[in-house]
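Order of listing sets the numbers, starting from 1, for every ligand and every atom in it. Because the structure is a prediction, the values reported are computed rather than measured.
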Amino acid sequence: MLVNSKEMLLNAKKLHYAVPHFNINNLEWTKYILEEMDKLEKPVILGVSEGAAKYMGGWNVVAKMVQALIEDLNISIDVCLHVDHGSSFETCKKAIDAGFTSVMIDASKHSLEENIAITKEVVEYAHQRGVTVEAEIGHIGGSEDGITGSNFNARLDECEYLVKETNIDSLAPALGSVHGLYKGEPNLDFETMKQINDALEIPLVLHGGTGIPASQIEKAIECGISKININTELQIAWHDGVKQYIKENINTYDPRKVIASGEKNIKETINLKVQEFKTK
Ligand code: 13P
């Protein structure tokens, strides 16, 4: 069933596990994630960046595709369809109108007051329609969808202020994680993560899940992280499978076979993440 992220993330916070957010890129990707998570009987958040929505044809295409897959594949787990890093009120509105059940408004590149004003506008529109809202504070570095940003960490007082002013449902405080591959070991500020979690009632989100070792994932969950975003890791797993397949089947041109040669790796990675995240 398509749901917003409210209950799934509050349950995760209460019971100390994380719900996986996997970014989707196309029909096959979405199908593999839904099939595997349904088999595992765990909730899932499907993240869609603006770039991925554009690639697939638009927010309506994605929303209708996900709804149709849930129906035709008889998916019975809770599925949240979520905008990843929505950059404006207009983007979030379009996705909500198309049927998305959750949005991230990422106004973190603006000043705190502007971030609050934009986030507030999104919350007002979203909550009236039963849609949950995630916001970002500080700035998560690295590169995603060709958008590169520098890293600066969130501060506890600013997190408290933003949450109080906006009434968001979950918060992604930048605490050293980056999108894409890490240069060396990730350096997460667990102390501030715990302080923010203790001070707030809403669940916390960890972006840049690719490349964070299992021991640090465990620590992040102990410090209150309830949702972990994974994008690059699935892409690399898929690409490894496809590379191998093409090497061994150089004359196969059926796109269904080529694309599906990454399926096994995607599904294995999903299993690994669900174990690491202790998803219930
Ligand atoms: P990775 O690509 O590093 O897994 O990050 C994903 C993410 O945070 C999406 O918002």
Side-chain angles (χ1 to χ4, degrees), residues 5 9 18-26 29-30 32-33 44-56 62 80-87 91-92 95 100 102-109 132-154 168-189 193 203-214 216-217 220-221 225-240 262 265-266 268-274 276-277 279:
S5 68
L9 293 186
V19 177
H21 154 136
F22 294 121
N23 284 77
I24 59 171
N25 295 290
N26 57 22
W29 220 271
T30 314
Y32 303 154
I33 295 169
V44 70
I45 297 171
L46 301 176
V48 185
S49 65
E50 289 181 15
K54 194 168 164 212
Y55 171 80
M56 286 184 268
V62 181
C80 171
L81 181 58
H82 176 77
V83 173
D84 191 23
H85 295 283
S87 62
T91 295
C92 293
F100 274 62
S102 184
V103 294
M104 176 194 192
I105 171 69
D106 178 1
S108 63
K109 65 172 186 275
T132 38
V133 181
E134 172 186 329
E136 175 172 324
I137 190 161
H139 200 265
I140 297 158
S143 177
E144 188 173 46
D145 255 354
I147 298 165
T148 305
S150 55
N151 197 66
F152 66 90
N153 282 8
I168 50 169
D169 303 282
S170 60
L171 178 68
L175 292 168
S177 66
V178 300
H179 293 122
L181 298 174
Y182 287 83
K183 294 188 185 98
E185 275 273 301
N187 181 20
L188 305 184
D189 181 354
M193 197 182 279
L204 299 186
V205 178
L206 179 63
H207 281 248
T210 298
I212 300 180
Q216 290 202 29
I217 291 284
I221 293 171
I225 292 293
S226 306
K227 169 180 180 270
I228 302 178
N229 292 13
I230 300 282
N231 184 18
T232 309
E233 198 162 340
L234 285 193
Q235 297 188 351
I236 292 172
W238 176 81
H239 185 231
D240 284 346
N265 282 4
I266 287 189
E268 279 172 9
T269 307
I270 288 172
N271 272 277
L272 196 72
K273 294 299 121 187
V274 165
E276 282 179 10
F277 299 175
T279 315

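Checked against side-chain contact (heavy atoms from CB on, under 4.5 Å), Leu272 has the following partners two or more places apart in sequence or in another chain: Glu276.
For the atom pair CD (Glu136) and NE2 (His207), the distance works out to 6.0 Å, reported to the nearest 0.5 Å.
The one candidate from Asn231, Val178, Thr232 that meets the side-chain contact (heavy atoms from CB on, under 4.5 Å) condition with Thr210 is Thr232.
Annotation: side chain of Met56 is in contact with side chain of Ile24 (closest heavy-atom distance under 4.5 Å). A heavy-atom distance below 4.5 Å is not found between the side chains of Asn265 and Trp238. For the pair Asp169 and Leu9, the minimum side-chain heavy-atom distance is 4.5 Å or more.
Within 4.0 Å of ligand 1, the residues that place a heavy atom are Asn23, Asp84, His85, Glu144, Val178, His179, Gly180, His207, Gly208, Gly209, Thr210, Asn229, Ile230, Asn231, Thr232, listed by chain and number.
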